[in-house]
Amino acid sequence: MKKLILLGLTIILFHPSLWSQDDLMDMLDSGDETAEYAYATFKTTRIINSHTVENPAPGVLLFMIQHRFGRVNTGIYDLFGLDEASIRFGLEYGVNDWLSLGFGRSSFEKTYDGFLKFRILRQSKGARKMPFTLSYYVSSAVTSLTWEDLGVADRTNYKSSRFSYAHQIFIARKFNSNLSLQLMPSLVHKNLVPTTEDKNDIFSIGIGGRYKITKRMSVNAEYYYTPTNQISYDFDQPLSLGLDLETGGHVFQLHFSNAKAFFERGYITETQGSWGKGDIYFGFNISRVFTIVKPKVPKD
């Protein structure tokens, strides 16, 4: 875990120098050919649960509401889950072309989360050829549930036990104007685990993508596989399917998922729901952007 944190700090400290080197290479280009970068690999910063390689533009604040109802198999008494709800409010800000940060609060397990996302490589063709976009994402989540609600009131507890962390690499490629795919190797670290048989560091691999069916509509899918030998309790692999609708300044995402949580520890390692048994949650994400700092327009 310490090595991973050290790796993250190294990227934070030295990443800007990578881009300054690119600037130097731009100056050395003859000008006969320019780099053409891929854009809008995904329409927003989420596939469904997982982040994408997309960042808010520099100086832009993104406000996101993530909402999930109860299980659809609860029947008419709970109106197929509509009587229940979990919600997350979040803010994300584009610091510059390669860095964004965010913060949010979920009603699920009364969890606060924060993250940093670094774009290291960007898909391009022309003078600079790069077949994919690569981003590094690191987050922390802390639950504010009481020790009684966490079920550990009968033991000595520490504030650090409330924390979990996630490290993810996003490797995405926009194959054409319709199809984009993203691979997501992930590591979730829990300070507190149920038994000595459970691993504190849990490795997982995710895959997600979108297929554009109209100018403003796409179908999305996302799946994570976590080897079961790392966890002692029963859990399900999270599978989510959705539909993106772009409406001007908003992106409206409708989805079905067997995962209830909105943060990595929850949906990657603690999903409790089977698609085969109808343990499916209907929900939606709504995102709206606001320009906080206008980009500077160079003068002639």
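- The ring pair (Phe, Tyr, Trp, His ring centres under 6.0 Å) with Phe115 is formed by just one residue from the set Tyr137, Tyr93, Tyr136; it is Tyr137.
- In this structure, Leu134 and Ile169 have side chains that are in contact, with non-hydrogen atoms separated by less than 4.5 Å.
- When all heavy atoms of Ala166 and Glu264 are compared, the pair lying nearest together is CB-CB, 3.7 Å.
- For the atom pair OG (Ser218) and OH (Tyr211), the distance works out to 11.5 Å, reported to the nearest 0.5 Å.
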Could you go through residues 53-60 and list every donor-acceptor pair under 3.5 Å that involves a side-chain atom there, pairing it with any protein atom two or more places apart or in another chain?
{"unit_1": "Glu54", "atom_1": "OE2", "unit_2": "Thr41", "atom_2": "N", "d": "2.9"}
{"unit_1": "Glu54", "atom_1": "OE2", "unit_2": "Phe42", "atom_2": "N", "d": "3.2"}
{"unit_1": "Asn55", "atom_1": "OD1", "unit_2": "Ser100", "atom_2": "OG", "d": "3.3"}

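- With side-chain heavy atoms closer than 4.5 Å counting as contact, directly or through intermediates, the hydrophobic cluster containing Phe108 also holds Phe263.
- Nearest approach of Thr133 to Leu121, heavy atoms of both residues: CG2-O, 3.2 Å.
- If you take OG on Ser164 and CD on Glu270, they are separated by 8.0 Å, rounding to the nearest 0.5 Å.
- Two residues are said to be in side-chain contact when any heavy atoms from C-beta on lie closer than 4.5 Å; Leu181 and Arg173 fail this criterion.
- At a threshold of 4.5 Å between non-hydrogen side-chain atoms, the residues Ile268 and Phe235 do not count as touching.
- Side-chain atoms of Ser232 and Asp198 include a donor-acceptor pair closer than 3.5 Å.
- Distance OG1/Thr52 to CE/Met184: 10.0 Å, rounded to 0.5 Å.
- No side-chain donor-acceptor contact under 3.5 Å links Thr45 and Lys117.
- In summary, the side chains of Glu222 and Tyr267 do not present any donor paired with an acceptor at a separation below 3.5 Å, with no hydrogens or angles considered.
- Between Phe284 and Phe252, the angle of the ring planes lies from 30° to 60°, which puts this pair in the tilted group.
- Here the closest non-hydrogen pair linking Phe256 and Trp275 is O-CZ2, 3.7 Å.
- Smallest separation of non-hydrogen atoms from Arg162 and Ser144: NH1-C, 3.6 Å.
- Below 30°, between 30° and 60°, or above 60°: for His51 and Phe170 the angle between ring planes is below 30°, a parallel geometry.
- The structure places OG of Ser86 at 10.5 Å from CZ of Phe69, a figure rounded to the nearest 0.5 Å.
- Between the CD atom in Gln168 and the OG atom in Ser139 there is a gap of 7.0 Å [rounded to 0.5 Å].
- With rounding to the nearest 0.5 angstrom, the CG atom of Asn220 is 12.0 Å from the NZ atom of Lys43.
- Residues Phe63 and Phe290 keep their aromatic ring centres 6.0 Å or farther apart.
- Shown here for Arg68 and Ala259, the closest heavy-atom pair between the two residues is NH1-O, 2.8 Å.
- A salt bridge links Asp113 with Arg88: the closest approach of a Lys/Arg side-chain nitrogen to an acidic carboxylate oxygen falls below 4.0 angstrom.
- Side-chain atoms of His189 and Asn200 include no donor-acceptor pair closer than 3.5 Å.
- At a threshold of 4.5 Å between non-hydrogen side-chain atoms, the residues Ile65 and Phe89 count as touching.
- Looking at Ser287 and Asn285, their side chains never bring a donor and an acceptor atom within 3.5 Å of each other.
- Applying the salt bridge (Lys or Arg N to Asp or Glu O under 4.0 Å) test to pairs two or more places apart or on separate chains, those with a residue in residues 101-110 are Glu109-Arg265.
- A donor-acceptor pair shorter than 3.5 Å cannot be found between the side chains of Tyr281 and His255.
- In this structure, Leu187 and Phe203 approach most closely via the heavy-atom pair CD1-CE2, 3.7 Å.
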